[in-house]
Amino acid sequence: MRTHRAGALRAEHIGAQVRLGGWIHRRRDLGGLIFLDLRDRDGIVQVSVGPDWTPSDVIESVLEVTTESVILVRGKVVGRPQEARNPEMATGDVEVHADAIQVVGPAHLEALPIPVWRTKGEDPPSEELRLLHRHLDLRRPELQRNLALRHRLLQRTRATLTDLDFYEVETPILTKPTPEGARDYLVPSRVHRGQFYALPQSPQLYKQLLMVAGFDRYFQVARCFRDEDLRADRQPEFTQIDLEASFVSPEDVYGVLETLFVALWEEAGFAVSAPFRRLPFDEAMERYGTDKPDLRFGLELEDVSELVRGFRAFEQILSEGGRVRGIRVPGGAVLTRKDVDALTELARHAGLGGLATLKHQDGKLSGPLSKIDGMSAGAARLEDGDLLVATAGPDSLTSVVLDRVRRAVIARLALVPTQEHGFAWVYDFPLFEWDRESQSWLVAHHPFTAPHPDDVERLLQGDRSAVRALHYDLVYNGHELGSGSIRITDSEVQLLVLDLLGISQQEAERRFGFLLRALRAGAPPHGGFAVGFDRVVMLLAGADNLRDVIAFPKTTAARALFEDAPTELDPAELSELALKVDNA
RNA sequence: GGGGCUGUAGCUCAGUUUGGUUAGAGUGCCGGUCUGUCACACCGGAGGCCGCGGGUUCAAGUCCCGUCAGCCCCGCCA
């Protein structure tokens, strides 16, 4: 049907007889001359319809056809007159003089509630309409580009990991519910009335079994499902590049992923180099207040306890051995009262008393902290125009607040990053976390993460507080791109960790018996990683929302508007599954 | 589960602060003129359940209550 794609035509095609197929993006009817912008996957080319080269019956038919209709065009590629070239179009040096046009897919006005074409600067249609008419939204060149990039990144992933000796293996979608972690999406069994499968939150246990089975290196483009509330960067079903390797240390895993990420960034047109920075968890929390710091900026957190000694609001916390931590913000004096109030509200919301500030402007100090006896710009190390923000409380709270303050200040002052690509490995995470709500120790990541060898002794003594895990996250510009760990391969250690989580041996055998049996059958040391692929595509596409890199995403209420899911079932269907719905 | 923002013409938005004449603009759509446009230009026209339900009022797009939907955030996401 076609000889070329419309968007692929260039000066080198001048003189060629071509047949094209595509959508009418725009039309400009000058009376005696009609221009059609013909759009396909590769872009847009101008089709020119004029009496000197187009039969009159074809001109007649063009007058009838609506935008977004699908047409087949036969014609000749010609160079445009010099003054009529369009340097803003990839195809702008040429146009197609049509001698035949066939409307093969007419578009009806009532089927086009949202426009594909937009004027410059016009806001896109509402998210609701875009999702409801997704087939139209996806026609937009921007989303076509995003999904094309996604395709290339996927293929590059497959090629890179295949080069590194990884096998791509598929694992089940219908699997076993897991009480820990996120809520499962459940699937009722028809054959086994009253029993349920779960959709996988990740292929974690399967990939460990593949290592026990001797596949040595595995990866998968794995769809994962978690029934939790959404965010701009979180969808209920999402794609992980899941991988696992045998006989590896954390450094071996870092090496594989650095090769992969350098390749992916190159695919998107960015040169980055490995190795990435290494940052222990404790250091990340101390210097940035978060385990996923944006390393493109300075603005590190500091202990300013000594500097602010004598400030009444902090006295009690300091006398109880607590700390005052703060951030020096170069140029922060331009922040308005309103800005500072918003930051203070952040702190209050998190459960701290508030924020205290010290401003150095026009040679004078101001702000609550300026009232401390003997305070000076020199002592506070503030240049003229700088601002110090400080707060007191437990580290767990000041970290959270100062991380948010740091990010808010970076955004508000539109600071210039010191580097473009801030990759880092964060490692030495704690194995357990104290959960205030349940007043119990929970596993920080998943219960198959190996403890740090240096901390196993403490673990054996039942001390959960200071045990590090062989767990690592890959962080990029303040985003977590993925995480992984070395796994437990000793069934006794596995039982111990489960025991420390309050899972008895009997219960462990019942729930994870298949894993324990596998570990006892000759398990190689192994570890791996899972990349949040959607988020990677989002960042590389420059999108600010996951929905713009997923063909058919869900709304924040986890609905699919286009196909209208989820949906109610007929009583007969429920009955076959032995289900009763209680909507009360 | 909680908080915030938004909902007015097919689409994108004004109008809501301070209730008051016939609810506007751009774009799209329809009709007309136009042979070098590319946000074509120009002339004319049609198009409204102001998300939905209730209330206050002489009077509601505008105030109050509820509800639905979309988006953003907190909780949640081993």
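If you're wondering where the values come from, they're calculated on a predicted model, not measured in any experiment. Order of the sequence lines sets the chain letters (A, B, ...), proteins ahead of strands, with each chain counted from 1.
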So among A/Val253, A/Ile486, A/Leu210, A/Thr489, which one has a side-chain contact (heavy atoms from CB on, under 4.5 Å) with A/His526? A/Thr489
Which nucleotide, in any strand shown, forms a Watson-Crick or G-U wobble pair with B/G28, with both distances under 3.5 Å? none
Give a yes or no on this: more than 12 heavy atoms of other residues, nucleotides or ligands lie within 6.0 Å of atom CZ of A/Arg223. no
Residues at least two apart in sequence or cross-chain that pass side-chain hydrogen bond (donor to acceptor under 3.5 Å, both in side chains) with A/Thr344, listed by chain then number, are none
With rounding to whole Å, what would you report as the distance between B/U17 and B/G10 at their C1' atoms? 30 Å
Provide the full list of salt bridge (charged side-chain N to carboxylate O under 4.0 Å, His left out) pairs with a residue in residues 469-496 of chain A, sequence neighbours left out, each pair given once. A/Glu244-A/Arg487
From A/Leu561 CG over to A/Glu127 CD, what is the distance, rounded to the nearest 0.5 angstrom? 9.5 Å
For A/Ser440, what residues pass the side-chain hydrogen bond (donor to acceptor under 3.5 Å, both in side chains) criterion, not counting sequence neighbours? A/Ser438
Using Watson-Crick or G-U wobble geometry with both distances below 3.5 Å, tell me the partner of B/U67, or none. B/G51
Would you tell me whether A/Asp499 and A/Gln505 have side-chain atoms, one donor and one acceptor, within less than 3.5 Å of each other? no
Under 4.0 Å, heavy atom to any atom of RNA chain B: which of residues 543-553 of chain A qualify? A/Asn545, A/Arg547
Can you give one letter per nucleotide of nucleotides 30-39 of chain B, going 5' to 3': B for a protein heavy atom under 4.0 Å from the base, S for sugar-phosphate only, - for none? ----BBBBBB
Across nucleotides 1-11 of chain B, 5' to 3', mark each nucleotide with B, S or - according to how protein heavy atoms within less than 4.0 Å reach it. B--------SS
May I have the distance from A/Glu433 (atom CD) to B/C77 (atom C1'), rounded to whole angstrom? 12 Å
Under 3.5 Å on both distances, the Watson-Crick or G-U partner of B/C34: none
What about the rings of A/Phe562 and A/His135, do their centers lie closer together than 6.0 Å? yes
Using the ring pair (Phe, Tyr, Trp, His ring centres under 6.0 Å) rule, take A/Trp425 and A/Tyr476 through it: C-alpha gap first, then chi angles, then the decisive distance, then the call. CA-CA 9 Å; A/Trp425 292 103; A/Tyr476 172 78; over 10 Å; no
